[in-house]
Amino acid sequence: MEKVMYSATQPSGALTIGNYVGAIRNWVNYQSEYECYFAMADLHALTVRQEPAALRRRTLELAALYIACGVDPERCALYVQSHVHEHAEMCWLLNCFAYVGEMSRMTQFKDKSAKHADNINMGLMDYPVLMAADILLYQTDCVPVGADQTQHVEIARDLAVRFNNLYGETFRVPQALLPASGARIRSLQDPAKKMSKSDENPNASVFLTDDRDTVIRKFKRAVTDSGDRIVQSEEKPGVSNLLAIYAAFRGVSVADAEREFEGQGYASFKLAVGETVADALAPVQAEQKRLLADKTYLAGALKAGAEKAHYAARKTLSKAYRKVGFYRGD
Ligand code: AQP
């Protein structure tokens, strides 16, 4: 049986280079090895207030971006999460096996509760259960994610094992797959934090939609550290982050990047990182723009993707419904 891969990103803002190197870029390499399901996670995005028109627009932009990055809708199921109703149904089922205590201990829940203190909704706490539903619905083997999401993949594993122990083999137990480099890209303004699409400081994140001048300007303004050596070290989180970004975009090791910049100053190093990132983003941006001009093609690709996803998801959901004892009319 072919191995299955599932991953998604939220249309909750313009994607950052963290989302790109931590997740999407790697999906492409696996398309020939795995049966792939890649979603625009709009249900997840609703856990934080979204402006409806912007959410709609970003969902389509994200689909175009996936394709521009190399995701092939002919080979994968590329779909919008809310188009496949089994995600919400499976989430309810798994909710009855997830404990409030474990959900309230999740790092992302704590971070987002602090950030959105006026809107600590049930969905925010339930985010990992919905993510487990996403993953388990497709009998997923591998979930390519950035380091920030490994805790949530652990919850998916725990729920799969818990359910299987109670009802017999129902779900495949998935594994997180981290990229070789760029698993945790950090904020350019505060390297203690991860780079995030919803950061309030626009200089903290480099967006995939940023033009060349903006990318270079943001890297020029990136915080570095005291001293002048360009090396990776715990005492140099700013420089280490820039080295990691450079290595991820160039496809070299951090040690190679350190050698390349030996003896150079911070200014020329930051310029080189900015130019490297801007060069890599330009063709992706041009292709996304071209795709967005053809809404009929995008709508057709997403419809076909949702049908494929729905077919697989329905099989797992029916199996789980039978296991728990729901009467199915036969
Ligand atoms: N800084 C990062 N470095 C490496 N990988 C990252 N990812 C996110 N940030 C980084 C990975 O991108 C994928 C999609 O993430 P998401 O859209 O589901 O939400 P997120 O992890 O909450 O990302 P953001 O950018 O921080 O979004 P907001 O601000 O909306 O919460 C995941 O695989 C993630 O690991």
Side-chain angles (χ1 to χ4, degrees), residues 5-28 30 36-51 54-55 58-59 61-63 65-66 69 71 80-81 87 106-116 119 123-124 127-128 130-132 134-135 140 142-156 174-202 204-209 218 222 237 240-245 247-249 277:
M5 172 165 283
Y6 175 87
S7 203
T9 51
Q10 306 176 71
S12 49
L15 291 205
T16 72
I17 55 169
N19 302 125
Y20 179 64
V21 294
I24 300 176
R25 194 182 62 164
N26 309 304
W27 301 354
V28 176
Y30 296 112
C36 293
Y37 296 86
F38 296 133
M40 274 62 74
D42 54 351
L43 297 178
H44 281 283
L46 216 58
T47 55
V48 171
R49 286 283 170 270
Q50 304 291 335
E51 205 272 296
L55 179 60
R58 284 202 220 102
T59 303
E61 284 172 359
L62 189 52
L65 188 72
Y66 283 6
C69 289
V71 170
V80 180
Q81 187 186 26
H87 286 257
M106 293 289 104
T107 307
Q108 179 179 282
F109 173 66
K110 287 195 258 182
D111 287 353
K112 290 207 170 168
S113 298
K115 209 162 147 191
H116 305 279
N119 181 24
L124 202 57
Y127 186 111
L130 177 59
M131 183 162 154
D134 301 341
I135 296 167
T140 300
C142 280
V143 191
V145 283
D148 62 313
Q149 291 291 346
T150 49
Q151 201 179 33
H152 291 166
V153 179
E154 272 307 311
I155 286 287
Q175 272 191 332
L177 196 67
L178 292 186
S181 61
R184 194 188 296 275
I185 300 294
R186 297 172 182 280
S187 154
L188 295 189
Q189 294 299 314
D190 177 4
K193 295 194 319 197
K194 77 160 188 157
M195 187 181 285
S196 199
K197 57 173 110 71
S198 56
D199 200 308
E200 275 147 27
N201 182 346
S205 307
V206 175
F207 299 106
L208 298 189
T209 44
K218 285 183 179 178
S240 300
N241 187 38
L242 296 179
L243 276 168
I245 294 172
F249 274 87
V277 172

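Remember, it's 1-based here, ligands and their atoms both numbered in the order they're listed. Along the sequence shown, the residues carry numbers beginning at 1.
- Near Ala23, with a cut-off below 4.0 Å to any heavy atom, the atoms of ligand 1 are 12 (O), 13 (C), 33 (O).
- Atom 5 (N) of ligand 1 has its closest protein heavy atom at Gly18 O, 3.1 Å.
- Within the 4.0 Å heavy-atom criterion, the part of Ser12 lying near ligand 1 is the side chain and not the backbone.
- Of all protein heavy atoms, the one lying nearest to atom 21 (O) of ligand 1 is Asp148 OD2, 2.6 Å.
- Ligand 1 lies within reach of Lys112, whose nearest heavy atom is under 4.0 Å from it.
- Considering backbone and side-chain atoms alike, Ile185 places an N or O below 3.5 Å from some N or O of ligand 1.
- Using bins of under 30°, 30° to 60° and over 60° for the plane-to-plane angle, the ring pair Trp27/Phe38 lands in the parallel bin.
- Looking only at distances, no side-chain donor or acceptor of Asp42 sits under 3.5 Å from a matching main-chain atom of Gln10.
- Nearest protein heavy-atom neighbour of atom 32 (C) of ligand 1: Gln149 CG, 3.9 Å.
- Of the candidates Ala248, Ala183, Ser187, the one placing a heavy atom closest to atom 4 (C) of ligand 1 is Ala183.
- Each of the atoms 5 (N), 11 (C), 33 (O), 34 (C), 35 (O) of ligand 1 lies under 4.0 Å from some heavy atom of Gly146.
- Ligand 1 has at least one atom lying under 4.0 Å from a heavy atom of Tyr127.
- Nearest non-hydrogen protein atom to atom 19 (O) of ligand 1 is Gln10 NE2, 3.1 Å.
- Listed by number with element, the atoms of ligand 1 under 4.0 Å from a non-hydrogen atom of Val145 are 33 (O), 35 (O).
- The protein atom (non-hydrogen) at minimum distance from atom 26 (O) of ligand 1 is Ser196 OG, 2.5 Å.
- Scanning the protein for heavy atoms near atom 25 (O) of ligand 1, the closest one is Lys197 N, 3.0 Å.
- The NZ atom of Lys112 lies 14.5 Å from the CE atom of Met106; values are rounded to the nearest 0.5 Å.
- A donor atom on one side chain and an acceptor atom on the other are found under 3.5 Å apart for Tyr66 and Thr9.
- With rounding to the nearest 0.5 Å, the separation of CD1 in Ile155 from OG1 in Thr150 is 11.5 Å.
- In terms of protein heavy-atom proximity, atom 9 (N) of ligand 1 is nearest to Lys194 NZ, 3.4 Å.
- Using a 4.0 Å heavy-atom cutoff, Thr16 is absent from the residues neighbouring ligand 1.
- Judged purely by distance below 3.5 Å, without hydrogens or angles, the side chains of Asp134 and Gln81 pair a donor atom with an acceptor atom.
- Atom CZ in Arg184 sits 6.5 Å away from atom CG in Asp148 (nearest 0.5 Å).
- By the 4.0 Å heavy-atom criterion, Gly13 is excluded from the residues contacting ligand 1.
- When Thr47, Val48, Leu43 are each tested for a side-chain contact (heavy atoms from CB on, under 4.5 Å) with Tyr127, only one passes: Thr47.
- The shortest non-hydrogen separation linking Arg58 to Pro11 is NH1-O, 3.1 Å.
- Between atom 12 (O) of ligand 1 and the options Ile245, Asn19, Thr9, the minimum heavy-atom separation is to Asn19.
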Checklist entry - Do Lys197 and Ser205 pass the side chain to side chain contact (heavy atoms under 4.5 Å, CB included) test, and can you show the C-alpha distance, the side-chain angles, and the key distance before you say yes or no? => result CA-CA 7 Å; Lys197 57 173 110 71; Ser205 307; over 6 Å; no
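- Counting only heavy atoms from C-beta outward, the side chains of Val206 and Thr16 never approach each other to under 4.5 Å.
- Taking 4.0 Å as the cut-off, Gln108 counts as a neighbour of ligand 1 on heavy-atom distance.
- Residues Leu46 and Leu55 form a side-chain contact, since some pair of their non-hydrogen atoms from C-beta on lies under 4.5 Å apart.
- The parts of Ser198 lying near ligand 1 are both backbone and side chain, judged by heavy-atom distances below 4.0 Å.
- Taking every heavy atom of Gly22 and a limit of under 4.0 angstrom, the matching atoms of ligand 1 come to 4 (C), 5 (N).
- Here the straight-line distance linking atom OG of Ser7 with atom CG of Asn26 works out to 9.0 Å at 0.5 Å rounding.
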